[in-house]
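What follows is one structure encoded as structure tokens, with my remarks underneath.
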Protein chains: 2
Amino acid sequence: MPKQASVNIENKIAGLLKRNNLSITDSRKKILHLFLEQTGALAHGDIEKRAGEKFDRVTVYRTLQTFVDKGIIHTIPTADNSIRYALCKDECAGGHHHDHHIHFVCHKCNNTYCLDDVVTPEIKLPKGYSAEHVEVVVDGICKNCR
Amino acid sequence: MPKQASVNIENKIAGLLKRNNLSITDSRKKILHLFLEQTGALAHGDIEKRAGEKFDRVTVYRTLQTFVDKGIIHTIPTADNSIRYALCKDECAGGHHHDHHIHFVCHKCNNTYCLDDVVTPEIKLPKGYSAEHVEVVVDGICKNCR
DNA sequence: TTAAAAAAGCAACATAGTTGCAAATGAAAA
DNA sequence: TTTTCATTTGCAACTATGTTGCTTTTTTAA
């Protein structure tokens, strides 16, 4: 029943957009599809490549920015210069991403995963520093590549 | 005795370059100065601005790349798209950065600090994943801004 | 001092990201 | 359904960022 499944995904996407007061447009649907169709995170470049034939570069930038603002996706820090985005699991309040999971980058398949079950550790800071948010990115080999 | 101090810094820089089999050039000295003159990390843009009047853009890129390759500086992951660099405290073997400190980004002064005394925590990963390197970036308010 | 090697500068190019505005599309009401 | 209004898209032009090949300059070491 692939038809049923795709209807479900359509509903999911429509609901997600509605809940965030966003109008339902082709580009938004397409980009959300990309995220929902796979586990890992997506680099901006990937998204542009896979949505870029149908949509303008500028639209991709603006759509991603909108999703980040609304808390639908979040960015993942990297040491190279490629921004990566992943779906927020729980809905994050507009602009406030309070996911506390860690990220894993496999340097074999080069995928980035949100490890939703691994909670960021408490970090003990030197005197005077106060923490607001902790990002952890682990790299190594993922379970599919070993 | 500012003269004495500046002589010391010159010696330090020269030694650092020699130890890494790098010839001593104006641009390398200038850029190392920038790092030694301050605590935090430097964004590529800052370095280019502060060294760019004397040196070509390309030279700045190549110099930073050389320093990373030699293990003199390391990159710090960020969620926005700005690469940040900081001096490696202990000499890292060529290309192998085995610093295990965490990074702190103050969102008031927007500086990035290496907290050399705070060691990255052990992260327990799900079955099948193997970790090679752990990056921790904390953001909040630094001790100078509170 | 000089010759070989390394680095810097320049130009040209490639990619990434931004802005303003006109045309197209979506939402909601008549 | 059709119309209206707000939102979103596409386009064009622009700025910023990063790269490459080649020539000239500087550094090193003999």
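Model, not experiment: these values are computed from the prediction.
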Fill in: Leu42(A) side chain reached by Arg50(A) side chain, heavy atoms, under 4.5 Å
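Touching, per the 4.5 Å side-chain cut-off.
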Item to complete: Just do the side-chain hydrogen bond (donor to acceptor under 3.5 Å, both in side chains) check on Thr112(A) and Arg84(A) with the steps written out, would you?
Response: CA-CA 8 Å; Thr112(A) 301; Arg84(A) 298 199 165 220; 2.8 Å; yes
Worksheet item: Want to settle it: does His44(B) or Asp26(B) sit nearer the 5' end of DNA chain D, counting the closest nucleotide to each?
Response: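 The 5'-side residue here is His44(B).
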Practice prompt. Any chance you could measure Cys88(B), atom SG, to Ile72(B), atom CD1, to the nearest 0.5 Å?
Written response: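 The CD1 atom of Ile72(B) is 8.5 Å from SG of Cys88(B), to the nearest 0.5 Å.
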Would you kindly give the [atom1]-to-[atom2] distance between [X] and [N], to the nearest whole Å?
X: Ile31(B); N: dA8(C); atom1: CD1; atom2: C1'; answer: 12 Å
X: Asp56(A); N: dA24(C); atom1: CG; atom2: P; answer: 15 Å
X: Lys70(B); N: dA6(C); atom1: NZ; atom2: C1'; answer: 12 Å
X: Leu22(A); N: dG26(C); atom1: CG; atom2: P; answer: 14 Å
X: Tyr61(A); N: dG10(D); atom1: OH; atom2: C1'; answer: 16 Å
X: Asp80(B); N: dA16(C); atom1: CG; atom2: P; answer: 17 Å
X: Leu17(A); N: dT25(C); atom1: CG; atom2: P; answer: 18 Å
X: Phe55(B); N: dC10(C); atom1: CZ; atom2: P; answer: 12 Å

Discussion item. Which nucleotide wins on minimum distance to the side chain of Arg28(B), given the candidates dC11(D), dA8(C), dG26(C)?
Written reply: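 Shortest atom-to-atom distance from the side chain points to dA8(C).
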Fill in: Side chain of Ser27(A) - closest among dT28(D), dT9(D), dT19(D)
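That would be dT9(D).
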Discussion item. Between Thr59(B) and Asn81(B), which residue's closest nucleotide on DNA chain C lies nearer the 5′ terminus?
Written reply: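 The 5'-side residue here is Thr59(B).
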Item to complete: Specify the residue among Thr25(B) and Val58(B) whose closest nucleotide of DNA chain C lies further upstream toward the 5′ end.
Response: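 It is Thr25(B), whose closest nucleotide lies nearer the 5' terminus.
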Does [X] reach a base, just sugar-phosphate, or nothing at all? Heavy atoms under 4.0 Å.
X: Thr66(B); value: nothing
X: Arg62(B); value: base
X: Lys18(A); value: nothing

Discussion item. Base of dG18(D), side chain of Arg57(B) - is there a donor-acceptor contact under 3.5 Å?
Written reply: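 By the distance-only test, yes, there is a pair.
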Discussion item. Between Ser23(B) and dA6(C), is there a contact of a side-chain N or O with OP1 or OP2 at under 4.0 Å?
Written reply: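 No, no such contact exists.
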Discussion item. Using the rule given for ring pair (Phe, Tyr, Trp, His ring centres under 6.0 Å), can you reason through His133(A) versus His107(B), listing the C-alpha separation, both sets of side-chain angles and the distance that settles it, and then say yes or no?
Written reply: CA-CA 11 Å; His133(A) 183 73; His107(B) 52 236; over 10 Å; no
Discussion item. A quick test of your reading: do over 12 heavy atoms of other residues, nucleotides or ligands sit less than 6.0 Å from CD of Glu122(B)?
Written reply: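 Open.
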